[in-house]
Structure formats: structure tokens, C-alpha cells
There are 2 protein chains.
Amino acid sequence: MIDRELMRGAGPVAILKLLGHREMYGYELVEALETRTRGLLAMGQSTLYPLLYNLEAKGYIVSRWVEDGARPRKYYRLTSDGRKRLADDSRQWRDVATAMEALGIINGAEVALA
Amino acid sequence: MIDRELMRGAGPVAILKLLGHREMYGYELVEALETRTRGLLAMGQSTLYPLLYNLEAKGYIVSRWVEDGARPRKYYRLTSDGRKRLADDSRQWRDVATAMEALGIINGAEVALA
DNA sequence: ACTCCATACCTCGTCACGCATAGTATGTTG
DNA sequence: CAACATACTATGCGTGACGAGGTATGGAGT
């Protein structure tokens, strides 16, 4: 399991990325993170739901209730602002990964950034 | 510049890694992060110093004052606990990088973890 | 029928941490 | 002799993860 502080940086991007494909509901996201990342980025409901409310409040995602099936579900999808945010966050993650490699933390190479 | 939440996960490991090579003092670390990561992981003094105090309080690093030169400097070095923590954090970072790749955030591949 | 687990949502309180801001003190440079 | 660089310290605000606890319904086993 991953540390809390690492999750702070990784959580939102992961959610935005998943919602970038198709609309999904909360419980589904919890399971998707568990299976798609083999538990590495797994987060509980008490982490996910507030995170979703936060992303919605900031306008990166929007929700709609669907009452068709057995239980009511709240589906979320990305807004255009959300796509921008996802693109920006992804760039930041690539940057950090680059820096981590430069320091020799991710890979053993440890070269100064040229 | 990277977001503060991302820094929360990246900051401590980066410092531990730098101190893994040789003992360094605060101001030197600020500059090392700036140059070694091309500003990607740059942090100000008000972020670094409290971070150092925190790592020392947890026993991952120890400090000693050196009065030889022009100004007094406080040098920090890793403890054996610090090495363990560095090893553990590095593993977590590799895990997160793996998960980010699986989600297609770092690289475009986007494969499920096999 | 009844129990238990899975599904699906929501809420509150605690704790940690980044960093802006501000302060102190000395060496170096124009 | 005024700026600027070096070097460390202290404080307060805002943000967010997550444990713990709560509600309600569907399905599976006995």
C-alpha cells in the first residue's frame, strides 16, 4: 500500500484519467483502482467520495443520477476543464518521474538532467 | 513548477536520496534540488527546513554544526533508519510509477497490470 | 423467514504537511 | 555603504487523506 502523502498527488489524476474514458460511478471507481493498478493505488470510499465532491466543486467533473438498475448510482464524467486539468497533471507527473529518474530514485541510472 | 500536493510525496525521498551520497547542509540542498532536477523539484527554504527538522525528529537524519568556514553550517547525514526509509520510499515510488503507467498517465501504453 | 455479505451512497474529526511571510545575522560585491 | 547572497529559524493558514461510523437495498445461502 502507498503512503498517504503520495496518494495526495496520485489520487486526483488517476480518477480524472479513468473518467477520461467513460462516465463511471463512485463504487465502480474504487474497484477499478483496485483491479487496474493491482491494489497499488487503491483508495477507500472515505477518500474517494470527498475527492469526487472536490473535483466537482472545482468544475473538473459533473454528476448525474441514474435510477435504471437495482440501485441508484451517481455517474461522473469529465468536463472540458477536467480534460485540461488532466493534461496538466499528466505533464506534471511526467516531469516528476523525470526528476525522480535524474536523482536515481526510480531507476538506478542517476544522471543530471542534460 | 509542480503542485504542492505532488511535492508532499516527492520532497522527503528526494532529500533522503541526496543525503544518501554525502552529508549536506540546508542551503546546499535547496540549490542541489534546483540544479539537479532542473527546477522541477525546486523547493523554498520554508519548505526545506521544516522538512529537515521533521526527518531529524523521526530519526532518519542527524545534524552537526560546522563552524570552519565563513558562516556556520548545519550538516545533515542519513542514519541507518534513514536508509531503510529511503529504500522503502523508493520502492513506493517505483510502484506508483508502475501504476501511473498502467493507467496511461506517464506513458501512453495503458495496459492492465499483468 | 432470516441472516449475512455486497452494493452504493454520505459525513465528521483528526493529523500532517507545503509554503507564504517574516525575522536574524554575516560575508561579498559594486 | 548600500545591495545582494548566504544561512538558519519561526509562525500561521489552507488543503486533503482516511479511519470510523451511518443509511439503505439486493441477492445468496440455510
Side-chain angles (χ1 to χ4, degrees), chain A residues 1-16 23-35 39-58 60-61 63-76 85 89 92 96, chain B residues 1-16 23-35 39-58 60-76 85 89 92 96 99:
Chain A
M1 192 55 46
I2 279 179
D3 189 78
R4 223 183 174 90
E5 304 299 337
L6 251 178
M7 186 58 89
R8 280 171 100 106
V13 220
I15 298 301
L16 292 175
E23 68 176 1
M24 295 173 78
Y25 56 96
Y27 198 88
E28 189 183 11
L29 283 165
V30 170
E31 298 205 310
L33 283 176
E34 172 69 35
T35 57
L40 293 177
L41 276 187
M43 68 174 72
Q45 298 188 6
S46 66
T47 300
L48 178 76
Y49 287 117
L51 173 54
L52 288 174
Y53 306 150
N54 183 259
L55 290 173
E56 185 167 31
K58 288 176 181 163
Y60 298 129
I61 59 180
S63 61
R64 69 183 182 98
W65 282 98
V66 173
E67 314 264 357
D68 293 1
R71 281 178 201 70
R73 289 168 171 171
K74 201 173 180 181
Y75 281 86
Y76 292 88
R85 165 78 191 263
D89 281 4
Q92 286 197 36
V96 171
Chain B
M1 192 56 46
I2 68 172
D3 188 78
R4 96 205 270 136
E5 302 301 337
L6 249 178
M7 186 58 89
R8 276 172 103 112
V13 219
I15 297 302
L16 291 176
E23 67 176 2
M24 295 174 76
Y25 56 97
Y27 198 88
E28 188 183 12
L29 284 164
V30 171
E31 298 205 311
L33 284 175
E34 172 68 36
T35 58
L40 293 178
L41 275 187
M43 67 175 73
Q45 298 189 6
S46 66
T47 300
L48 178 76
Y49 286 116
L51 173 54
L52 288 174
Y53 307 151
N54 184 258
L55 290 173
E56 184 166 31
K58 288 175 181 164
Y60 298 129
I61 59 179
V62 286
S63 61
R64 68 182 181 100
W65 281 99
V66 174
E67 314 264 358
D68 293 0
R71 282 179 200 70
R73 287 168 172 171
K74 201 173 181 180
Y75 280 87
Y76 292 89
R85 164 79 191 264
D89 281 4
Q92 286 198 36
V96 172

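Lettering follows sequence order; numbering is per chain, from 1. It should be emphasised that the depicted structure is a prediction, and the values quoted were computed from it without experimental measurement.
- The shortest distance between side-chain heavy atoms of A/L52 and A/L29 falls below 4.5 Å.
- Heavy-atom minimum distance, B/Q92 versus A/D3: OE1-N, 2.8 Å.
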Where do A/E28 and A/R73 land on the salt bridge (charged side-chain N to carboxylate O under 4.0 Å, His left out) test, with the steps shown first? CA-CA 10 Å; A/E28 189 183 11; A/R73 289 168 171 171; over 6 Å; no

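- B/G26 comes within contact range of the sugar-phosphate backbone alone, with a heavy-atom separation under 4.0 Å but no base atom that close.
- Going from atom CG of B/N54 over to atom P of C/dG18 covers 8 Å, rounded to whole Å.
- One atom, CG of B/L55, and another, C1' of C/dC17, lie 12 Å apart when rounded to the nearest Å.
- For the residue pair A/G11 and A/M43, the shortest heavy atom distance occurs at CA-CE, 3.8 Å.
- Of the two residues near DNA chain D, A/G9 and B/P72, the one whose nearest nucleotide lies more 5' is B/P72.
- The two residues A/P50 and A/Q45 make their nearest non-hydrogen contact at CD-O, 3.8 Å.
- As a whole-Å value, the separation of A/L29 CG from C/dC10 C1' is 16 Å.
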Tabulate protein N/O versus nucleotide N/O from nucleotides 3-7 of chain C, keeping only pairs under 3.5 Å, one per line.
from: C/dT7; atom 1: OP2; to: A/Y27; atom 2: OH; distance (Å): 3.0
from: C/dT7; atom 1: O2; to: A/R71; atom 2: NE; distance (Å): 2.8

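- When every heavy atom of B/Y76 is checked against every heavy atom of B/Y53, the shortest pair comes out as OH-CE2, 3.7 Å.
- Between B/E67 atom CD and C/dT26 atom P the separation is 12 Å, expressed in whole Å.
- Of all heavy-atom pairs between A/V96 and B/A10, the closest is CG1-CB, 4.4 Å.
- For the pair B/M7 and B/L41, the minimum side-chain heavy-atom distance is below 4.5 Å.
- Pairing each heavy atom of B/P12 with each of B/L51, the nearest pair is CG-CD1, 3.9 Å.
- In this structure, CD of A/E28 is placed 8 Å from P of C/dA8, rounded to the nearest angstrom.
- Of the residues near DNA chain D, A/S46 and A/R8, the one whose nearest nucleotide (by heavy atom distance) lies more toward the 5' end is A/R8.
- Rounded to whole angstrom, the span from the CD atom of A/E5 across to the P atom of C/dC19 amounts to 12 Å.
- With a cutoff of under 4.0 Å to any heavy atom of chain B, the contacted region of DNA chain D is bounded 5' to 3' by D/dA5 to D/dG16.
- Taking atom CG of A/D3 as the reference point, atom P of C/dG18 lies 11 Å away to the nearest angstrom.
- Rounding to whole angstrom units, CG of residue A/L51 and C1' of C/dT11 are separated by 16 Å.
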